[in-house]
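First the structure, in the form of C-alpha cells, and then the observations on it.
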Protein chains: 2
Amino acid sequence: MNVSALEEYGLRCAARLAQLKDGETLSASEIAESEGLSVEYVSKFMLHLKRAGLVKTLRGIHGGFSLAKPPSEISIKAVLDGLKGPRESASFCDGFSGRQSVCARRPGCSIRPFWGVLEKMFDGFTSRLSLEDLISSESETYLRAQQVAHELCLEAQAEVEFKT
Amino acid sequence: MNVSALEEYGLRCAARLAQLKDGETLSASEIAESEGLSVEYVSKFMLHLKRAGLVKTLRGIHGGFSLAKPPSEISIKAVLDGLKGPRESASFCDGFSGRQSVCARRPGCSIRPFWGVLEKMFDGFTSRLSLEDLISSESETYLRAQQVAHELCLEAQAEVEFKT
DNA sequence: CCAATACAATACAAACTTGTAAGGATTTAG
DNA sequence: CTAAATCCTTACAAGTTTGTATTGTATTGG
C-alpha cells in the first residue's frame, strides 16, 4: 500500500485545520512550523485543497487557511482526491495496458476483481471517515477506524450472499 | 490507492506461472507476448521474484520460469513484497518526518491509527489470497475476494468488542 | 499611501519510477 | 564443439514525484 508524500502531509495539514474554532484561521507558516515542513511546500498543496473546494483562504495580514465546510462533512477520500489535483486516475485496466492500446487480458481477467474488491474496501473506508474523526485522541481514532472496518465487512457479506 | 506498474505487471506474470502444470516452464518471451510487454521488462521483474525465492529459472534452450512453490503457498502479499526488492519500506511515521528526524506529531498522532487500520486491512487481504485464487475465472476470483474481505471484517469486529 | 504579511504562480533541481538497450553468461541440441 | 536459446547484468533515457526558490498579487493596519 503506497501512500505518497502529498497524501500524507496534505491529510495532516487538513486535520490541523479541522481543529480550528469557527472564524479562526491558520497561516501557512503556522502549519509549516507545527508539522515540520517548509512554508512553500505547505502553500503548494493547500492550494490544491483550495481548488478542490475543501479549503478557504484569506489574504492579508491576518489571513490564513480554514476549512470550507464542517470537518464532519469532509471525508478523508475527498481530501486525498483533492490533493491529487484535477487529473483523473485511470482504472487499473486502462492504466496498465503495456505496449497495446487495450489490456491483453480483456475480457475475463482474474486480476481485475482482486484490485476491484481491494479498491472498494479502500474507498469505503476513506469515504466513511471524515476529518472530524482525525481530531480525537489516537486511541479514539483507532476505535472509530476499527468500527468502520467492521461496517465494511457487513457490506461485503451482503454482496456475497446476493451473488451466490 | 496507488498501484505501481511493477506491482501490476509483476502480479500478472506471476499469475501466468501459476497456471503451469508441474515441470512446465514459460520463457520471458512467451510471458511478454501474452501480456503485451517487452521481453527485457519481463526479465527485469521476474529476476526480483527469483531473488525473493518465489520463482525458479532454467537457462538454455528449453529454459524459462516456474514457481518455486505451489501457487496456494504463495500469497499475493509475498509477490508484491518480492517485486519491490530487498529494500525495506519505512513506516508512515518514519518515512514522512518532514524536515525533522522524528515526526512532529509524536506521540499521540491520530493520523497514525487511520493508516494503521487501513494497512492492516490491506495486509490481511493480500496475505489471505494466493496465486491459486488468481487462476480461476473472473467471477470466481471476485467471490473469493469478497469472502476474504468479509473474514477481515469479522476480525475487526472482534477487536472492537474486546476494546470497548 | 505604504509597508508588512500572507496567499498564488511558476520555474527548477534532485530523486525515484518506468521502460529500453546492449552485451555477458549458461545450458542444451545437434 | 558449436550455435542457438535463454536468463542475467548493467547502463541509460524519459517521465513523474518531491521539495525548494523566486517572484507576483492581494489585504490590512497605521
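Just so you know, these numbers use all the heavy atoms, side chains as well, and skip hydrogens, waters and symmetry mates. Below, chain A is the first sequence line, B the second, and so on; all start at residue 1.
Side chains of B:Tyr142 and B:Gln146: a donor on one and an acceptor on the other come within 3.5 Å.
Contacts of B:Lys44 with the nucleic acid, taken as non-hydrogen atoms under 4.0 Å apart, include base atoms.
Comparing atom distances between the B:Arg51 side chain and each of D:dT9, D:dT18, C:dC7 picks out D:dT9 as nearest. When the nucleotides C:dG19, D:dT20, D:dG29 are ranked by their closest atom to the side chain of B:Tyr41, C:dG19 comes out on top. The side chain of A:Ser27 sits closest to C:dC7 out of C:dT20, C:dC7, C:dA9. Distance from the side chain of B:Ser38 is smallest for C:dT20 among the nucleotides D:dC8, D:dT18, C:dT20. Ranking D:dC8, C:dT18, D:dT20 by closeness to the B:Leu6 side chain, first place goes to C:dT18. Side-chain proximity of B:Ala5 to the nucleotides C:dG19, D:dT20, C:dA21 is greatest for C:dG19. Which of C:dT26, C:dC7, C:dA29 sits closest to the side chain of A:Arg59 comes down to C:dC7. Comparing D:dT22, C:dA8, C:dT18 by their nearest atom to the side chain of A:Glu40 picks out D:dT22. Listed nucleotides C:dT18, D:dA21, C:dA8 differ in distance to A:Phe65; the shortest reach to its side chain belongs to C:dA8. With D:dT18, D:dT28, D:dC8 as the choices, the nucleotide that has an atom nearest any side-chain atom of B:Leu47 turns out to be D:dC8.
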ask   = When you look at B:Glu140 and B:Ser137, which way does the side-chain hydrogen bond (donor to acceptor under 3.5 Å, both in side chains) test go after all the steps?
value = CA-CA 5 Å; B:Glu140 280 176 300; B:Ser137 70; 3.2 Å; yes
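Counting non-hydrogen atoms of neighbouring residues, nucleotides and ligands closer than 6.0 angstrom, the NZ atom of A:Lys56 reaches no more than 12 such neighbours.
If you look at B:Phe125 and A:Phe114, their ring centroids are closer than 6.0 Å.
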